[in-house]
Amino acid sequence: MLNVIERLRETRAVDFSMDQTMHMGLGYEWAKVIARHRQLKAIAAIDIADFMENFDDSDEDREALLNTLNCAVNRLPTRESAMDLAKRINGYPGQTPSLPAILGFIEGAQKLWEEVADKI
């Protein structure tokens, strides 16, 4: 049984990493093509490392991170704007994105900001 548990832990870690990496590309492209200056500046201030220290991939954690991102992206964040953002990350409406998807999206936008911030 320990072999099964180890294997499942490993596959969970691989899936997390793959999902995060894929969504980094989405966040980077969104930042490159759609995002406004104030949005990227606000997203750059999100401290992912601090969040990661205490996360457990619960619904509450995912909602909290999506809410943080929603506040950075929208001047007047609402439940509807959060769902629009979730749709942009997921590709479909009605479901909160996974934690690695939200993290990846944020990291992708932060990466673009790091590349251009000192040139603006």
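This chain uses plain numbering: 1 for the first residue, then up along the sequence.
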Subject >> Remaining members of hydrophobic cluster (4.5 Å side-chain criterion), Ile5 >> reply: Met1, Val4, Leu8

**OP:** Please collect all salt bridge (charged side-chain N to carboxylate O under 4.0 Å, His left out) contacts where either partner lies in residues 20-38, sequence neighbours excluded, each pair once.
**Re:** none

Subject >> Inter-residue atom distance Arg7.CZ - Arg12.CZ, 0.5 Å rounding >> reply: 13.0 Å

Original post:
Taking a hydrophobic cluster as the set of Ile, Leu, Val, Met, Phe, Trp and Tyr residues connected by side-chain heavy atoms closer than 4.5 Å, whether directly or through intermediates, do Met22 and Val33 fall within one such cluster?
Top reply: no

Subject >> Residue pair Pro97 / Ala86: nearest heavy atoms and the distance that separates them >> reply: CD-CB, 3.6 Å

Original post:
How would you list all residue pairs meeting salt bridge (charged side-chain N to carboxylate O under 4.0 Å, His left out) that involve residues 59-81, not counting sequence neighbours?
Top reply: Asp59-Arg62, Glu63-Arg79

**OP:** Return each pair, listed once, that meets salt bridge (charged side-chain N to carboxylate O under 4.0 Å, His left out) where at least one residue sits in residues 86-109; pairs must be two or more places apart or across chains.
**Re:** none

Subject >> Interatomic distance, Leu99 atom CG to Asp19 atom CG [nearest 0.5 angstrom] >> reply: 9.5 Å

Original post:
So which heavy atom on Leu66 is nearest to which on Ala82, and how close?
Top reply: CD2-O, 3.9 Å

**OP:** Output the distance between atom CG (Leu69) and atom CG (Leu103), rounded to the nearest 0.5 Å.
**Re:** 10.0 Å

Original post:
To the nearest 0.5 Å, how far apart are CG in Asn90 and NE2 in His23?
Top reply: 6.0 Å

Original post:
Taking a hydrophobic cluster as the set of Ile, Leu, Val, Met, Phe, Trp and Tyr residues connected by side-chain heavy atoms closer than 4.5 Å, whether directly or through intermediates, do Ile89 and Leu26 fall within one such cluster?
Top reply: yes

Original post:
Rounded to the nearest 0.5 Å, how far apart are OG1 of Thr68 and CD1 of Ile102?
Top reply: 9.5 Å

**OP:** May I ask you to decide if Met18's main-chain N or O and Thr21's side chain share a donor-acceptor pair within less than 3.5 Å?
**Re:** no

Side-chain donor-acceptor pairs of residues 113-120 under 3.5 Å, sequence neighbours excluded:
residue	atom	partner	partner atom	Å
Glu115	OE1	Tyr28	OH	2.6
Glu115	OE2	Lys111	NZ	3.0
Lys119	NZ	Glu115	O	3.0

**OP:** Go through the steps to decide whether Val73 and Trp30 satisfy the test side chain to side chain contact (heavy atoms under 4.5 Å, CB included), and finish with yes or no.
**Re:** CA-CA 11 Å; Val73 171; Trp30 172 83; 3.9 Å; yes

Original post:
Do Ile106 and Ile43 come close enough that some side-chain heavy atom pair is under 4.5 Å?
Top reply: yes

Original post:
Does anything in residues 89-99 pair up under salt bridge (charged side-chain N to carboxylate O under 4.0 Å, His left out), and if so which pairs, sequence neighbours excluded?
Top reply: none

